[in-house]
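Heads up, the thing below is written out as structure tokens.
In what follows, every chain begins at residue 1, and chains take the letters A, B, ... in the order their sequences are listed. Because the structure is predicted, anything quoted here is derived from the model rather than measured.
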Amino acid sequence: MRFRAKIVDLACLNHFSRVINTIAKLAKTCTLRLTVSKLYFILSDKVANGGVSMWCELCQGNFFDEFQMEGVAAEHNEIYLELVPENLSRALKTAQSAKAVKIKLTNKHCPCLRVSVELPSLSSSSRIVTHDIPVGVIPRRLWNDFREPSVPDFDVSIYLPVLKTMKSVVERMKNLSNSIVIEANLSGEMNLKIETDLVSVTTHFKDLGNPPWASEDGCQSSAQGRDLENMAEARIDIKKLQQLLAGQQVNPTKALCNIVSKRIVHFILLHEDVSLQYFVPALA
Amino acid sequence: VNLECILHCFLFLLVFGRAIHAIARISDEFWFDPIEKGLALRSVNSSRSAYAYVFFSSMFFQRYCWTAVSQPCQKEKRLSLPCKLIIKSVLPVFRCVNVLERNVEKCSIYTNVNDHHITFQLLCKHGVVKTYNLTFQECDPLQAVFAKHMCPNILKVHSRLLADIMIHFPTSQEEVTLSVTPVKVCLKSYTEEDTGFSKTMLTEIQLNPDEFDYFQVGVDSEVTFCLKELRGLLAFSEATSVPVSIHFDISGRPIAFGIEDTVLEASFILATLSDVEKETAPQQPPCVSQRQESNAEAAASKKPRWNGNAPNTDSAKPTSPLAKQEIKSIPRVAKKGTTGVAGTAITEAEDHATLEGEATESQIVNPQILYHTEFGGSVSYFCKYCVFQFHSLFFGAVCCKEEDAISHTFHSLATPSDAEEDCGSGQSSQV
């Protein structure tokens with residue numbers, strides 16, 4: 001099992017750091033899956049996470065100048081590692097002016113991801129900062145736990161409002177309530193609602209647009225034939241939503257959510273080379 | 001006994017505020033010691049493993065007025081007013097130091113010995129005047145002495161570089177190890193966990209000797225010290241733009257970070273982990289931190305370093321070997337020992353302290369010693385241990401502990417060889 005990668009381009013490095021920062025805000029611990037062409041950050045829906053799950057996919061070619069990976073076996077050419085993304089985020093935080101960043105899987109005392117940052121210095125040789133991030137190697141037999149979740153059979157799919165606006169609304173609401181109701185319909189309208197003994201607050205968004213989903217096998221999904229004004233709603237933990245929004249440092253190319261009434265809200269954030277899916281179950 | 005000591009000063013607030021903040025990282029209280037040449041601030045942490053000293057010469061202030069006044073009943077003038085302030089009371093004065101400089105036009109500090117108050121008065125914009133009256137406790141002077149010139153390893157570097165390096169360590173990182181050879185310098189995070197499986201991220205930085213303004217490595221060494229306590233000094237030195245010098249030796253011996261220029265001087269002396277402790281399981285009373293100064297065995301080989309000087313006085317009087325003094329002074333019970341720290345330390349301080357009802361016993365304070373005494377060590381064991389322990393302490397001087405619960409069992413160990421004033425006040429017998 002081997003893994004070596006190198007980033008030389010500063011823009012790529014910043015981009016990669018931003019992705020890691022987003023992941024770090026969403027999960028304390030997550031799984032990093034490495035394949036020949038992609039990296040995945042996966043959080044599976046365990047009770048400990050509050051039932052949320054996350055699937056983030058990156059094309060390695062868009063970030064790394066060098067990328068070599070050898071999986072556990074020839075027919076299973078993948079590596080699954082458990083790590084604390086906050087560590088990776090910290091290691092990259094001070095690498096903003098780096099000449100090069102190398103990431104390597106090592107096993108000196110215990111398996112680690114070694115991040116070596118080569119920084120410019122006043123002297124002839126560069127300054128080298130090395131961070132050893134402990135990781136856990138996930139055995140082959142557990143890989144099934146980390147399969148890509150399928151898009152749920154949603155009632156409504158709608159584009160999200162401008163994330164910055166949504167974030168400031170949700171942050172204020174967070175001070176008042178622990179849960180938030182997201183409701184939306186197929187006419188491009190979305191409401192964010194909180195209700196407590198003392199106060200209820202609703203923010204209305206309109207003209208958001210609904211993404212067209214081509215049904216795979218031609219049969220009707222539950223979204224079709226649905227009354228356009230009818231709202232699908234789900235009540236979720238407001239903190240989870242706030243974490244998702246707070247972690248976004250750059251506006252995604254596309255941001256949308258799929259709502260299964262009273263069951264689950266599925267957020268999809270797409271950038272040019274990164275896709276992030278975040279599943280938040282509805283509260284009872 | 002009274003001393004009237006008046007200081008009027010205009011501060012370079014940022015620098016002074018940063019100095020206070022730096023000292024605040026060491027301990028909750030600090031010694032405020034105005035002398036003729038300037039104002040000295042000192043602090044030592046509870047485990048006596050970190051000592052901070054900042055000295056602002058009178059020229060640092062817009063106006064510095066220090067007078068020693070003797071009362072009619074007094075034979076001699078008191079030349080110093082060593083007193084202690086609680087940092088928490090002072091910090092609010094210098095909170096938000098950056099903002100301070102914009103709003104505050106002038107800051108005066110003056111002391112009123114009769115009331116036991118030190119007053120910080122800030123004259124701010126728009127006619128606002130903020131006055132902080134802080135009570136101080138009189139106490140015996142505190143001073144540590146560290147023979148920098150005897151250190152084989154000396155590095156000098158601009159504070160900007162140090163800050164650029166330290167930024168790579170998380171703010172929660174407690175301890176770091178500095179490892180040097182003549183050709184390379186390496187700084188890495190230190191963790192006490194088992195190397196078998198470590199859950200914490202470890203960071204290591206390799207530097208080239210070229211990056212230092214001055215690089216002298218006489219002996220390859222690896223010293224581990226507390227980074228948290230140092231960060232305050234780094235912020236302070238950045239404010240002053242004075243380069244930082246680092247003096248150190250092998251592991252177990254203290255490391256000193258210092259800055260010095262024409263109007264100010266600072267020294268932060270930190271204990272380092274000694275190799276012996278790294279290997280053996282520490283047997284220490286629970287309340288003592290894991291990390292301690294060099295232990296007795298390592299210390300036995302050291303020469304006593306006692307220098308009865310305050311950095312700002314001229315009289316450099318090396319004292320006679322300590323062993324004799326200590327053993328002789330052991331039998332004294334519940335006496336306020338003299339500190340004899342500086343040529344200027346006066347015993348009148350103790351008289352006054354008695355009146356205050358404070359226990360101002362001079363002690364070598366290393367909690368380890370105290371506990372050894374308590375746990376049934378015989379006097380002779382106590383003496384022997386303390387003699388060695390004293391030799392090993394990088395604090396050549398005596399530290400003062402107020403209201404110490406077991407102070408009544410603790411005897412003053414350190415006495416000066418030349419304290420004429422002691423005889424004058426009829427205190428304990430001196431060697």
Side-chain angles (χ1 to χ4, degrees), chain A residues 13 17 20-21 23-24 27-32 81-138, chain B residues 155-217 227 231 234 241 243-244 278:
Chain A
L13 178 60
S17 303
I20 304 295
N21 291 341
I23 304 290
K28 272 219 168 78
T29 314
C30 73
T31 301
L32 168 61
L81 300 171
E82 186 183 3
L83 58 71
V84 173
E86 171 66 30
N87 284 340
L88 191 50
S89 171
R90 262 214 317 252
L92 296 172
K93 193 162 76 149
T94 50
Q96 297 315 306
S97 56
K99 287 189 194 170
V101 174
K102 293 191 203 153
I103 305 182
K104 191 168 89 162
L105 185 60
T106 66
N107 193 356
K108 288 242 170 81
H109 304 289
C110 62
C112 279
L113 266 186
R114 169 164 291 182
V115 179
S116 289
V117 182
E118 192 184 331
L119 291 165
S121 80
L122 298 167
S123 79
S124 49
S125 58
S126 308
R127 201 180 294 166
I128 306 206
V129 184
T130 311
H131 301 276
D132 280 338
I133 301 169
V135 296
V137 177
I138 299 178
Chain B
L155 309 176
K156 283 205 171 87
V157 67
H158 197 270
S159 55
R160 183 73 252 164
L161 177 71
L162 268 186
D164 284 347
I165 295 169
M166 296 310 179
I167 204 173
H168 296 288
F169 295 99
T171 41
S172 58
Q173 182 66 40
E174 296 257 347
E175 282 152 351
V176 292
T177 303
L178 169 65
S179 148
V180 295
T181 71
V183 295
K184 83 172 169 71
V185 182
C186 163
L187 206 59
K188 51 194 177 204
S189 45
Y190 173 81
T191 166
E192 283 168 9
E193 285 173 47
D194 226 328
T195 48
F197 181 70
S198 166
K199 289 217 141 137
T200 49
M201 180 166 115
L202 297 178
T203 301
E204 180 175 319
I205 305 174
Q206 303 232 349
L207 300 158
N208 195 299
D210 292 351
E211 298 200 63
F212 292 81
D213 295 340
Y214 179 81
F215 186 82
Q216 171 190 311
V217 171
L227 178 61
R231 285 193 194 265
L234 296 183
S241 314
V244 178
K278 279 183 196 164

How would you list, in number order, the residues of residues 208-215 of chain B that have a heavy atom less than 4.5 Å from chain A? Asn208(B), Asp210(B), Glu211(B)
Which heavy-atom pair separates His131(A) from His168(B) by the least distance, and what is that distance? CE1-O, 3.7 Å
Interatomic spacing from OG in Ser189(B) to CG in Asp132(A) - rounded to 0.5 Å: 8.5 Å
For chain B, which residues of residues 91-98 of chain A have heavy atoms nearer than 4.5 angstrom: Ala91(A), Thr94(A)
Partners of Arg231(B) by salt bridge (charged side-chain N to carboxylate O under 4.0 Å, His left out), sequence neighbours excluded? none
To the nearest 0.5 Å, atom CD of Glu118(A) lies from atom CD of Gln206(B) at 12.0 Å
Is the closest side-chain heavy-atom distance between Thr130(A) and Thr203(B) below 4.5 Å? no
Does Lys104(A) NZ have over 12 foreign heavy atoms under 6.0 Å away? no
For residues 157-167 of chain B, dump all side-chain donor-acceptor pairs below 3.5 Å to protein atoms at least two apart in sequence or in another chain.
unit_1, atom_1, unit_2, atom_2, d
His158(B), ND1, Arg160(B), N, 3.1
Arg160(B), NH1, Glu238(B), OE2, 2.9
Arg160(B), NH2, Asp164(B), OD1, 3.3

Arg90(A) and Met201(B): side-chain contact (heavy atoms from CB on, under 4.5 Å), yes or no, with the steps? CA-CA 10 Å; Arg90(A) 262 214 317 252; Met201(B) 180 166 115; 4.0 Å; yes
Where on Leu113(A) is there a heavy atom nearer than 4.5 Å to chain B: the side chain, the backbone, both, or neither? neither
